[in-house]
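Taking it in order: structure first as structure tokens, then the write-up.
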Amino acid sequence: MALKTGENAFIILMETAREDPQIRQQLLNLLKIDSFNRQSMLNTFMEEMRMKGASSEFIEAVSYLKEEHIAEKAIQLITDVRHPVMQPRLLNGYLLWLLIILVCLTVFIFFGNMIR
């Protein structure tokens, strides 16, 4: 399953927040605000970024933080450095491709033996 560009940007945003203490603290301060005020601040921020020419992927990534369950998960992701942000999806993608390759090889070998 391929990630949308906004999802990729969101993962990068989370990884950056985990690596940079200043960005992490700013994001945590924003995420801990009540839902109504967080959404209002994010809407204003997104509009400012749009007017400054920010990429649509970045704006989409920031928009995810307006959702309560995503904001809560983001807090967990950027404060719990024991769990990588991207590895599970990346690992699942590799396993899927490995499975597809194995199936293709099996079919190729099976039909190759039938032709002889």
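For this chain, numbers begin at 1 and follow the sequence in order. As the structure is a computational prediction, the values presented were derived from the model and not from experiment.
In this structure, Arg18 and Ile78 approach most closely via the heavy-atom pair CG-CA, 3.4 Å. The minimum heavy-atom distance linking Phe10 with Ile70 is given by the pair CZ-CG2, 3.8 Å. When all heavy atoms are compared, the tightest approach of Arg24 to Ala17 is CB-O, 2.8 Å.
The distance from atom CG of Leu13 to atom CG of Leu27, rounded to the nearest 0.5 Å, is 6.0 Å. Put simply, OG on Ser63 and CZ on Phe58 are 10.5 Å apart, with the number rounded to the nearest 0.5 Å. Between the OG1 atom of Thr16 and the CD1 atom of Ile23 there is a distance of 6.0 Å, given to the nearest 0.5 Å.
Sorted by first and then second residue, the pairs that involve residues 66-79 and meet salt bridge (charged side-chain N to carboxylate O under 4.0 Å, His left out), not counting sequence neighbours, are Arg38-Glu68.
Partners of Ile59 according to the side chain to side chain contact (heavy atoms under 4.5 Å, CB included) rule, which considers only residues two or more places apart in sequence or in another chain, are Met46, Met49, Arg50, Ala54. Residues satisfying the side chain to side chain contact (heavy atoms under 4.5 Å, CB included) test with Ser40, not counting sequence neighbours, are none. Remark: Glu19 engages no residue in a side-chain hydrogen bond (donor to acceptor under 3.5 Å, both in side chains) (not counting sequence neighbours). For Asp34, the side chain to side chain contact (heavy atoms under 4.5 Å, CB included) criterion is met by Phe36, Asn37, not counting sequence neighbours. For the side chain to side chain contact (heavy atoms under 4.5 Å, CB included) test, residues two or more places apart in sequence or in another chain that qualify with Glu48 are Thr44.
Side-chain atoms of Gln25 and Asn29 include a donor-acceptor pair closer than 3.5 Å.
Asn43 places a side-chain N or O within donor-acceptor distance of the main-chain N or O of Gln39, the cut-off being under 3.5 Å.
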